[in-house]
Amino acid sequence: IGAVFTSTSPDFGVAGVLDRFGQVEPKVLIATDGYVYAGKHQPRLERLAEVVAGLPSLSAVVVVAELDASPDLSNLTMSIFWSDALKSTPTVDTEFLRVGFDEPGFILYSSGTTGVPKCIVHRGSGLLLKHAVEHRLQCDIRPDDVVFYFTTCGWMMWNWLVSALATGAHVVLYDGSPFHPTPARLWDLVDEFGITLFGTSAKYLDASRKAAVQPAKTHQLRTLRTITSTGSPLVPEGFEYVYEHIKVDLHLASISGGTDICGCFVAGDPTRPVYAGEIQGPGFGMAVDVFDQNGKSLESQPDVHGELVCTASFPSMPIAFWNDDSGAKYRAAYFERFDGVWAQGDFASWTEHHGIVIHGRSDATLNAGGVRIGTAEIYRQVEGLPQIVEALAIGQAWDDDTRIVLFVRLADGVVLDDALVGTIKRVLRENCSPRHVPAKIVAVADLPRTRSNKLAELAVADVVHGRQVRNVEALANPESLTLFEDLPQLAD
């Protein structure tokens with residue numbers, strides 16, 4: 001019908017939803033009364049009423065009854081049940097609106113490192129073309145295949161999964177914990193539905209490995225041809241686990257891209273060998289490279305770390321950011337690092353096989369458990385507490401993944417005790433999401449900042465990881481960096 005679609009996950013708090021939807025002013029909101037995770041009911045009608053109250057642009061609210069066959073909607077204005085909406089729709093011949101290639105189709109959201117999340121406006125046609133290349137060519141999805149991706153509707157892989165319908169394939173949706181009621185639950189789906197492509201995260205594969213899940217011994221997996229892994233780098237042990245304990249004759253494709261392009265910069269190739277710990281190569285049609293700090297290509301220097309870049313345009317480049325009429329925020333987000341070249345904010349290196357290894361984020365975005373989280377969302381909640389003067393969050397490489405570490409500067413006389421730690425975690429869980437809750441909270445006397453008074457998150461991350469700090473001369477208080485050296489709280 002030519003409408004623009006946007007989504008987020010029901011485990012987000014009210015503030016997290018309004019930070020996103022409040023900017024784009026939706027006309028129709030489709031929501032659930034709650035969800036079930038690991039056997040526990042998580043009702044959401046109370047929060048939904050707050051969301052609706054915060055979205056004056058709405059003209060209709062459609063509620064999917066998930067927890068209760070007939071939930072009470074008396075506190076929800078303009079509401080109707082999804083089932084009733086379907087029954088009341090007259091049977092008509094559908095007329096599809098033909099629009100231009102560059103017409104907006106989807107809005108996704110940045111991680112919010114410098115304020116509320118940016119609204120990334122994508123071409124509907126551009127995403128479809130990009131996904132078609134990745135599905136048909138790089139993942140070898142064929143008509144009548146069955147495609148599964150373990151994802152919420154708040155992750156870009158939801159959009160990626162839905163687009164697989166364009167290949168003629170079927171898609172399998174799963175809502176809930178991947179380890180409930182047994183650690184093999186998702187592998188049950190492969191046999192039950194004949195899944196041919198199984199999409200997941202590196203974290204899931206690592207958790208399965210540590211839990212000694214061995215589907216090769218317990219499941220047939222006869223139809224399974226491809227496993228794709230994204231969200232964080234898949235370590236060599238993850239590759240070995242898949243081929244030893246899941247299935248030996250399949251294509252394991254570690255892939256990496258971003259919400260920014262709703263697709264992959266680097267991905268699999270079913271015609272090339274798979275090497276443990278490596279992504280096979282650039283996405284087809286993507287002018288991907290790795291640059292040193294001076295903007296020089298490192299393609300001829302395997303294993304040298306640099307910035308992942310794309311040197312030419314591609315179909316799923318965003319049209320714009322919402323409410324960024326001048327394009328200044330868009331250009332600053334991607335083209336400020338290297339003039340005319342897209343910088344994705346990932347550390348990467350070429351390999352001797354002309355593959356790519358992603359080493360984590362090179363900017364302030366957090367990537368914990370495969371979910372990209374903006375630091376500003378955390379700060380808005382934590383710094384609202386009277387006990388906290390200011391906060392700084394980083395991602396610490398830990399156990400083949402990344403965990404969030406939150407440093408806090410406390411008000412005079414305040415102690416970071418168990419009660420305050422619990423309050424911080426509760427506020428983040430309720431107002432943002434469970435994914436925003438830090439694994440470690442550490443009190444420090446000072447936080448480094450630039451001469452323009454911006455927190456120096458990257459400098460702290462470099463110190464914690466034992467890397468040389470970049471641009472120390474830009475710091476107003478470089479002596480504060482010593483506070484983050486060899487912290488015992490971050491050793492376990």
Side-chain angles (χ1 to χ4, degrees), residues 4-6 98-111 113 117-139 156-157 159-160 163 166 230 253 255-269 279-300 306-350 354-356 358 361-363 365 372:
V4 178
F5 176 83
T6 188
R98 180 181 290 273
V99 298
F101 189 89
D102 286 340
E103 286 295 309
F106 302 93
I107 298 174
L108 284 81
Y109 302 96
S110 76
S111 305
T113 55
K118 298 180 181 68
C119 307
I120 306 170
V121 184
H122 281 289
R123 302 166 177 83
S125 302
L127 284 199
L128 185 60
L129 179 57
K130 174 64 170 160
H131 292 172
V133 169
E134 295 180 3
H135 292 155
R136 298 182 184 218
L137 303 181
Q138 304 207 252
C139 293
M156 58 150 281
M157 297 311 300
N159 301 71
W160 192 94
S163 294
T230 191
I255 63 179
S256 182
T259 302
D260 324 77
I261 70 167
C262 200
C264 298
F265 284 105
V266 286
D269 180 346
I279 298 174
Q280 287 175 281
F284 297 163
M286 302 291 287
V288 168
D289 202 349
V290 179
F291 276 9
D292 67 14
Q293 61 183 357
N294 298 314
K296 302 297 183 182
S297 173
L298 296 172
E299 189 170 4
S300 62
E307 294 275 349
L308 184 73
V309 299
C310 195
T311 61
S313 59
F314 47 92
S316 65
M317 285 180 66
I319 303 172
F321 290 162
W322 199 263
N323 294 325
D324 179 31
D325 295 338
S326 69
K329 292 181 181 179
Y330 184 7
R331 290 189 296 272
Y334 307 116
F335 297 100
E336 201 170 66
R337 182 73 177 84
F338 305 105
D339 186 33
V341 172
W342 180 294
Q344 179 58 13
D346 283 332
F347 282 125
S349 62
W350 288 101
H354 208 256
I356 292 280
I358 303 294
R361 297 295 297 172
S362 63
D363 63 12
T365 303
R372 293 180 65 186

Just by modelled atom types, is the [Y] backbone N or O under 3.5 Å from a matching donor or acceptor in the [X] side chain?
X	Y	answer
Gln280	Asp269	yes
Glu307	Ala343	no
Gln138	Phe284	yes
His354	Pro282	no
Lys130	Cys264	yes

(message) Please enumerate all residues that pass salt bridge (Lys or Arg N to Asp or Glu O under 4.0 Å) together with Asp102, with sequence neighbours excluded.
(response) Arg123
(message) Holding to side chain to side chain donor-acceptor pair (under 3.5 Å), I want the full list of residues that pass it with Ser297, two or more places apart in sequence or in another chain.
(response)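 Here the qualifying residues are Asp289.
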(request) Check whether any side-chain heavy atom of Pro104 sits under 4.5 Å from a side-chain heavy atom of Ile319, and report yes or no. (result)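 A side-chain contact under 4.5 Å exists here.
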(request) Check whether any side-chain heavy atom of Val121 sits under 4.5 Å from a side-chain heavy atom of Pro318, and report yes or no. (result)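 Result no, sub-4.5 Å side-chain heavy-atom pair not found.
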(request) Output all residues satisfying side chain to side chain contact (heavy atoms under 4.5 Å, CB included) with Ser349, sequence neighbours left out; order by chain, then residue number. (result) His305, Val357, His359
(message) For the CG atom on Asn294, are there more than 12 heavy atoms of other groups (residues, nucleotides or ligands in this structure) within a distance under 6.0 Å?
(response)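 Counting neighbours around CG of Asn294, more than 12 heavy atoms of other residues, nucleotides or ligands fall under 6.0 Å, so yes.
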(message) Parallel, tilted or perpendicular: which one describes the rings of Tyr330 and Trp342, with boundaries at 30° and 60°?
(response) perpendicular
(request) Identify the residue among Tyr109, Phe106, Trp322 that makes a side-chain contact (heavy atoms from CB on, under 4.5 Å) with Thr6. (result)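 That would be Tyr109; it is the only one of Tyr109, Phe106, Trp322 passing the side-chain contact (heavy atoms from CB on, under 4.5 Å) with Thr6.
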